[in-house]
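Note that this is a predicted model, so its numbers are computed, not measured. We're numbering straight along the sequence, starting at 1.
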Amino acid sequence: MPDRAPQPVERRLPTEESRQLIELVRDMVSKEIAPRAAEEEESGHFPRAVFTLLSESGLLGLPYDSAYGGGGQPYEVYLQVLEELAAARLTVGLGVSVHSLACHALAGYGTEEQRAAHLPSMLGGGLLGAYCLSEPSSGSDAASLRTKAVRDGGGASRTSGGDWVLTGTKAWITHGGIADFYTVLARTGVEGPRGITAFLVPGDVGGLNAAVPEKKMGMKGSPTAQLHFDGVRIPDARRIGDEGQGFAIALSALDSGRLGIAACAIGVAQAALDEAVGYATGRQQFGRPIADFQGLRFMLADMATRIEAGRALYLEAARLRDAGLPFSRQAAMAKLFCTDTAMQVTTDAVQVLGGYGYTLDFPVERLMREAKVLQIVEGTNQIQRMVIARHLAGPETR
C-alpha cells in the first residue's frame, strides 16, 4: 500500500514567530484535539478544557493588541491558525472564530477604560465569548431585530449613566448557555439599523437564561441555543460605542468574522482532501490503487485546486485588512467561495470513499455534515452574493 500520509500545508508566513506559532498549533492539534474529535463530536461533548488550553497558550486573542493580552498577530496569521484548528475539529476552529467575533466590538469601539477593564480576561484569562445578533424572526434581516434595551436611571449605576434593562430573545447563538460573556445587539431607539446599540453582557447576569441546545446535523459538540433576556439589568458602563452605533459595529465585526468562516471552511475541505487522497492511494481495485483511475485522479485534482484558490482568496482579503484597506467585498467573496468549496470537496470525498465514506468509521461523512453549516452562518451565501453585487452595481433600486 503506498505511503500517502497527509502532508502539512505549506504556508508562506511573514515572520519566524508566526512559523513557530503554526508549529505550536500543529503540536496541540495532534496531541489534544484530533485524537478525540470524532468520539467527542458523536457524543456531543464540548471541549471546554481545550479552549482553556488555547487561552493559556495565547491562541484565543491572536489578532488583538498585545497591550491587552492579545497575540498582536496580523489577520493573515490568525486565519491560518483557524484553518489548522478547523481541519482537526470544526467545533474548535469555529469556536475560536466566534470568540474573536465576540471580542471585536469592545476592542474596536470600547473606551480605554472599558478595554483595560475587560479585554485582558476576555483575550487571555480563560473566558469564552459569544455573539448575539440573530433572533427567531430576524436572521438575514438583522436590522429588524426586536430585543430591546431600555434605560432605567434608578439603578445602582446612576452616577455613570444609569442601567439598561434588556428584554427579548436571541437565536442560533454559538456557545449559548456556556459563554462567560456575550456581545449583544439590542434596540434602543427607532426601527431599522439606526436604533441599535451594542452591549457587553456577563454570562452569569440575572435574568439571562439559555434554552435547550438545538439538535443539529453536524457540530454536535458545539452548543447552539436561544438566549432569553428577561429584564437583564446591566450598567451603562457596559454599553459599547454610542447609542445607535450598534448596527455599524455589527457589520464591521461580520466582515472580519466572514474571513474566519472562510478559513475554517478551507480547513474542513483540506481535511477531507487528505482523507480522500489517503484512501484512493491505498484502496486496491482491479489489481491497482483506485487513484490510478482517471476519473478519481481528476476529481482529486479539482478538489485540491478549489482549496488552493479558496486559501489564496481569504489570505488576500486578510492582507487588505492588515494594511488598513477596504476588504468587505473580498471578505464576502472569500466566505462565499470557501464555504461552497468545503461543501463540494467534502461531498466529493464521500464519493471517493464509496460506501465507507457513508459510515461513521471514516471522518468524511462528519466533515460533509459540518461543511453545510458554513454556507449558512455569518450571513448565508445568498447574502454574500447580495453584498458582492452591491459593490459592483450599487444598491438595489426599489
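- Taken to the nearest 0.5 Å, the OG1 atom of Thr91 stands 11.5 Å off from the NZ atom of Lys220.
- Of the residues Arg89, Arg366, Arg36, the one that meets the salt bridge (Lys or Arg N to Asp or Glu O under 4.0 Å) test with Glu41 is Arg89.
- Within a 6.0 Å sphere centred on CD of Gln294, other residues, nucleotides and ligands contribute 12 heavy atoms or fewer.
- Residue Phe199 is grouped with residue Ile173 when hydrophobic side chains (ILVMFWY) are merged at heavy-atom distances under 4.5 angstrom, including chains of intermediate members.
- Nearest heavy-atom pair across Leu24 and Ser57 is CD2-O, 4.5 Å.
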> Can you list the steps and then say if Arg151 with Arg239 is a side chain to side chain contact (heavy atoms under 4.5 Å, CB included)?
Replying inline: CA-CA 11 Å; Arg151 276 192 182 274; Arg239 170 177 50 84; 4.3 Å; yes
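- Separation of atoms SG (Cys103) and OH (Tyr64) is listed at 5.5 Å; rounding is to 0.5 Å.
- Residues Phe51 and Phe46 bring their aromatic ring centres within 6.0 Å.
- Seen from the ring of Phe293, Arg288 counts as a face-on cation partner, given the 6.0 Å and 45° thresholds.
- Distance alone, capped at 3.5 Å, places no donor-acceptor pair between the Arg306 side chain and the Ala269 backbone.
- Cluster membership check: Tyr356 shares its hydrophobic cluster with Val350, using side-chain heavy-atom separations under 4.5 Å among Ile, Leu, Val, Met, Phe, Trp and Tyr.
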>> Please determine whether salt bridge (Lys or Arg N to Asp or Glu O under 4.0 Å) holds for the pair Arg115 and Asp65, giving the CA-CA distance in whole Å, both sets of side-chain angles, and the decisive distance to 0.1 Å.
In response: CA-CA 10 Å; Arg115 290 195 291 265; Asp65 194 335; over 6 Å; no
> What's the verdict on ring-ring contact (aromatic ring centres under 6.0 Å, His included) for His99 and Phe181, showing C-alpha distance, side-chain angles and the deciding distance?
Replying inline: CA-CA 10 Å; His99 176 83; Phe181 66 91; 5.7 Å; yes
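- Using a cut-off of 4.0 Å between Lys/Arg side-chain N and Asp/Glu carboxylate O, Glu23 and Arg11 are scored as not salt-bridged.
- Looking only at side-chain heavy atoms (C-beta outward), Thr346 and Val268 come within less than 4.5 Å of each other.
- Looking at Thr167 and Asp230, their side chains never bring a donor and an acceptor atom within 3.5 Å of each other.
- Among all heavy-atom pairs drawn from Met303 and Ala349, the shortest one is CE-N, 3.9 Å.
- Heavy atoms only, all atoms of each residue included: Leu60 and Leu127 are closest at CD1-O, 3.8 Å.
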>> Let's go through Asp141 and Ser144 carefully: what are the C-alpha distance in whole Å and the side-chain angles of both, what is the deciding distance for side chain to side chain donor-acceptor pair (under 3.5 Å) to 0.1 Å, and is it a yes or a no?
In response: CA-CA 6 Å; Asp141 184 14; Ser144 67; 3.2 Å; yes
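- A distance of 6.0 Å separates CD of Glu76 from CG of Leu315, quoted to the nearest 0.5 Å.
- Judged purely by atom type and a 3.5 angstrom limit, Gln270 has no side-chain atom pairing as donor or acceptor with the backbone of Ile307.
- Two different hydrophobic clusters hold Leu123 and Leu128 under the rule that ILVMFWY side chains link at heavy-atom gaps under 4.5 Å.
- With a 4.5 Å cut-off on side-chain heavy atoms, Ile290 and Thr281 do not count as touching.
- Taking CG of Leu133 as the start and OG1 of Thr147 as the end, the distance is 10.0 Å to the nearest 0.5 Å.
- Residues Arg26 and Ile22 are in side-chain contact: their nearest non-hydrogen atoms beyond the backbone lie under 4.5 Å apart.
- Between Leu106 and Thr183, every side-chain heavy-atom pair lies at or beyond the 4.5 Å cut-off.
- Between the side chain of Ser66 and the backbone N or O of Gly69 there is no donor-acceptor pair closer than 3.5 Å.
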> Where do Arg194 and Glu243 land on the salt bridge (Lys or Arg N to Asp or Glu O under 4.0 Å) test, with the steps shown first?
Replying inline: CA-CA 9 Å; Arg194 296 180 182 178; Glu243 289 185 47; over 6 Å; no
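- The shortest non-hydrogen separation linking Ala263 to Leu79 is CB-O, 3.4 Å.
- Checked by atom type and distance alone, the side chain of Ser252 never pairs as donor or acceptor with a backbone atom of Ala248 at under 3.5 Å.
- By the 6.0 Å contact criterion, NZ on Lys148 is open, its count of non-hydrogen atoms from other residues, nucleotides or ligands being 12 or less.
- Using modelled atom types, one finds no donor on one side chain facing an acceptor on the other under 3.5 Å when comparing Ser18 with Gln73.
- Put simply, the side chain of Val184 does not reach to within 4.5 Å of the side chain of Tyr131, judged on heavy atoms.
- The structure places CG of Leu53 at 12.5 Å from CZ of Arg48, a figure rounded to the nearest 0.5 Å.
- In terms of modelled atom types and a separation under 3.5 Å, the side chain of Ser97 and the main chain of Gly93 share no donor-acceptor contact.
- Side chain to side chain, Ser100 and Tyr78 meet the donor-acceptor criterion of an N or O pair below 3.5 Å.
- Of the N and O atoms on the side chains of Glu135 and Thr169, not one donor lies less than 3.5 Å from an acceptor on the other residue.
- Counted by atom type alone, Trp164 and Asp152 present zero donor-acceptor pairs between their side chains at under 3.5 Å.
- Residue Glu214 places its CD atom among more than 12 non-hydrogen atoms of other residues, nucleotides or ligands, all under 6.0 Å distant.
- Remark: the backbone N or O of Ala272 is not paired with any side-chain donor or acceptor of Glu275 at under 3.5 angstrom.
- Criterion: ILVMFWY side-chain heavy atoms under 4.5 Å apart, direct or through other members. Under it, Leu101 and Ile240 are not part of a common hydrophobic cluster.
- A donor-acceptor contact closer than 3.5 angstrom is absent between the side chains of Gln344 and Asp340.
- Residues Gly241 and Ile249 approach most closely at CA-CD1, 4.3 Å, considering heavy atoms.
- Side-chain atoms of Ser134 and Lys170 form no donor-acceptor pair, as typed in the model, at a separation below 3.5 Å.
- Both Leu85 and Val345 are members of a single hydrophobic cluster when ILVMFWY side chains are connected at heavy-atom separations under 4.5 Å.
- Counting only N and O atoms by type, the side chains of Thr197 and Thr188 include a donor and acceptor under 3.5 Å apart.
- Side-chain N/O atoms of Gln330 and Arg321 include no donor and acceptor closer than 3.5 Å.
- In plain terms, the two heavy atoms of Ile234 and Val201 that are nearest each other are CD1-CG2, 4.0 Å.
- Under the 4.5 Å side-chain criterion, counting only non-hydrogen atoms from C-beta, Val150 is not in contact with Leu166.
- Side chain of Asp322 to main chain of Tyr75: a donor-acceptor pair is present (N/O by atom type, distance under 3.5 Å, no hydrogens or angles).
- The closest side-chain heavy-atom distance from Pro289 to Arg283 is not below 4.5 Å.
- No salt bridge links Glu191 with Arg146; every basic N to acidic carboxylate O contact stays at or beyond 4.0 Å.
- Taking the side chain as every heavy atom from C-beta outward, Leu21 and Leu62 approach each other to under 4.5 Å.
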> Could you go step by step and tell me if Gln80 and Arg311 meet the side chain to side chain donor-acceptor pair (under 3.5 Å) rule?
Replying inline: CA-CA 9 Å; Gln80 294 186 76; Arg311 185 176 291 123; over 6 Å; no
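- Here OG1 of Thr224 is found 8.0 Å from CH2 of Trp172. Values are rounded to the nearest 0.5 Å.
- Judged purely by atom type and a 3.5 angstrom limit, Lys216 has no side-chain atom pairing as donor or acceptor with the backbone of Glu370.
- Heavy-atom contacts from other residues, nucleotides or ligands closer than 6.0 Å to CD of Glu39 number 12 or fewer.
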